[in-house]
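Structure first, then comments.
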Amino acid sequence: MTPELAPIAQRIETLYRDAVDPVGERFAFPRAPHAGEIGGPPMVLVIGNHSSGKSSFINHLLGETIQTTGLAPTDDAFTVLAYGEPGERDGRAVASDPDLPLEGLSHFGPTFLSHLRRRTRPIPLLRTVNLVDTPGMIDSARGDDSGRGYDFTAAVRWFAERAELVLMFFDPDKPGTTGETLEVFNTALGDLSHKLRVVMNKVDMFRSMEDFARAYGALCWNLAKVMARKDLPLIYTTYTPIDDAARGTLPLDDFDKARRQLVDEISETPQRRADTMITRLSEHAARLDLHARIVDAAVFDVRRIRRSAYGWVALAGLVAFAGAALTLLADPIDPTRAAGAFAGAAVLCGLGALLAQRAVHKGSARVMGDLNGLFERLYGRDLLVREHAEDLRQLWAEIRGRTARTLKQLGPLSFPRLRRRERKRLRDVIDQDVPALRRTLRGGPEETTTPEKSR
Ligand SMILES: Nc1nc2c(ncn2[C@@H]2O[C@H](COP(=O)(O)OP(=O)(O)OP(=O)(O)O)[C@@H](O)[C@H]2O)c(=O)[nH]1
Ligand SMILES: [Mg+2]
């Protein structure tokens, strides 16, 4: 995070710690995101065909030759570029360092780790953004792992999920899609297209507008074939100024402008990242609020069933024992009848307890089998407001499975009730703290609060 955004990251962290996580823990709702993720700089992932100019672009961006470049497939490693004294650490070391947000990468195995490194340089841009250079994509006939010895697509997915921006590079030679590009589009980037930007690079090589149009058309055509959504992502047509590069004849002003826009977008990722973190906090708090309320209502219902079942047993036991006591009082000389009555009362209580247990079991299964009904009952009034209702139903659809599983695995009686104070604090996060954070991000005053649309 940049120094200006650090207070926002701290505030988000505090809200998780004080208002959200305690409820999450009590109601067994997993936390998102990890603590280290909030404060660290955002990542920009650079992927694309081999020799499409990824590393050259990164060097240009950083103003230094840090990454090796060349026409043949040059670099088959994932390189995370971060701020620090000049240095380099290998994959094994960075994936086992708990202070770095790369810990989860260990599970891709030793071959992958031998293709991972982290380079640090004291370059100002790296203070605010981490760049990830990746091995060029290739056409392979060897199936899933492209002969790389590790799951390339899954590794790209890992980075893409955590990145704020994913740049996909193509060059005029390969405006189509290689096997790996296709695979990455289909499995790694499918639902992440909102952060994807396509870069048609090396446009300085074109000799005529016609060549440019042909390559651009081919790229769009090929993208449209592999992308699930109808509208194409934003395509930057640009080039990296390289002294000894082969040059075409097109005027380059517009392409320079496109590169500046791309650089601007990269520089703005910290701001976007703060925005994403605020949205994640708001969504997480809304989901948790709904989950905790449903669990709380289920706990209330099951406890009521239990109270009522055992209440009847207690009452019947009381009457039976009172009857036995009266029998004893009526004939204190010969207690045999009274003893029989006491034994009868005891048997009745035992049987009653068994029946009550079964009733609680059945009742609990009924409550948990109809969580949708519980939801409708709990939010009946909110569901009448139409626009709001859709949001709420959508939220419920997202968490329903998880809430049901949690209740089933841990049992409704293992949960506490949701305290009024706890819930109010959670709602305040959504209705007041989140809008206040957004105003701070936009540089507005922090005091006034307008509740966000509550879910
Ligand atoms: N004309 C021109 N040449 C470029 C441009 N960008 C890169 N090159 C050249 O293209 C070649 C490949 O560039 P790299 O930056 O190594 O490409 P890469 O995508 O990192 O390649 P791999 O790491 O092998 O996947 C180098 O010889 C660069 O000098 C560009 O915008 N225009
Ligand atoms: Mg490279």
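Since the structure is predicted, the reported quantities are computational estimates derived from the model, not experimental observations. Heads up: numbering here begins at 1 and tracks the sequence. In listed order, ligands and their atoms are each counted from 1.
For the residue pair Y239 and D256, a side-chain donor N or O sits within less than 3.5 Å of a side-chain acceptor on the partner. In this structure, a donor-acceptor pair under 3.5 Å is present between the side chains of T276 and E164. No donor-acceptor contact under 3.5 angstrom links the side chains of T240 and H60, judged on distance only. A side-chain N or O of T79 and one of R117 form a donor-acceptor pair less than 3.5 Å apart. Side chain to side chain, Q432 and R427 fail the donor-acceptor criterion of an N or O pair below 3.5 Å.
Interface of N201 with ligand 1, defined as ligand atoms under 4.0 Å from a residue heavy atom, comprises 6 (N), 31 (O). Using a 4.0 Å cut-off to heavy atoms of S56, the atoms of ligand 1 that qualify are 6 (N), 7 (C), 13 (O), 14 (P), 15 (O), 28 (C). Residue G136 approaches ligand 1 through these ligand atoms, each under 4.0 Å from one of its heavy atoms: 25 (O). Every atom of ligand 1 with a heavy atom of Y239 under 4.0 Å away is listed here by number and element: 31 (O). Per-residue contacts place T240 under 4.0 angstrom from the following atoms of ligand 1 (heavy atoms of the residue considered): 30 (C), 31 (O).
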Exercise. For D431 and K424, what are the C-alpha separation, side-chain angles and deciding distance, and is it a salt bridge (charged side-chain N to carboxylate O under 4.0 Å, His left out)?
Worked result: CA-CA 10 Å; D431 296 335; K424 177 167 182 329; over 6 Å; no
For this session: Please lay out, stage by stage, how D275 and R272 fare under the test salt bridge (charged side-chain N to carboxylate O under 4.0 Å, His left out).
Result: CA-CA 5 Å; D275 216 5; R272 273 186 39 178; over 6 Å; no
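A cation-pi geometry, defined here as NZ or CZ lying under 6.0 Å from the six-membered ring centre and within 45° of its normal, holds between R148 and F152. Cation-pi check for R197 over Y236 is not met; the charged atom does not lie both under 6.0 angstrom from the ring centroid and within 45 degrees of its normal.
Within the structure, ring-ring contact (aromatic ring centres under 6.0 Å, His included) contacts touching residues 247-266 (residues at least two apart or in different chains) are F212-F255. Counting only residues at least two apart or in different chains, ring-ring contact (aromatic ring centres under 6.0 Å, His included) contacts with residues 405-434 are absent.
For P135, no nitrogen or oxygen atom sits less than 3.5 Å from a nitrogen or oxygen atom of ligand 1, counting backbone and side chain alike. For the pair T134 and ligand 1, the shortest N or O to N or O distance does not fall below 3.5 Å. Checked by distance only, ligand 1 and H50 stay at 3.5 Å or farther apart across all their nitrogen or oxygen atoms.
With distances taken over non-hydrogen atoms, the option nearest atom 30 (C) of ligand 1 out of K54, K202, R259, Q67 is K202. Distances from atom 21 (O) of ligand 1 to the heavy atoms of G48, S51, S55 put S51 nearest. The nearest non-hydrogen atom to atom 11 (C) of ligand 1, considering only G70, A77, P172, P241, comes from G70.
Contact annotation: for M205 versus ligand 1, heavy atoms closer than 4.0 Å belong to the side chain alone. With a 4.0 Å cut-off on non-hydrogen atoms, T69 touches ligand 1 through its backbone as well as its side chain.
Using a 4.0 Å cutoff on heavy atoms, S52 counts as a contact of ligand 1.
Residues that satisfy the side-chain contact (heavy atoms from CB on, under 4.5 Å) test with S208, not counting sequence neighbours, are E210, D211.
Using a cut-off of 4.0 Å between Lys/Arg side-chain N and Asp/Glu carboxylate O, K54 and D133 are scored as not salt-bridged.
The tally of protein N/O/S atoms under 2.8 Å from the Mg ion (ligand 2) stands at 1.
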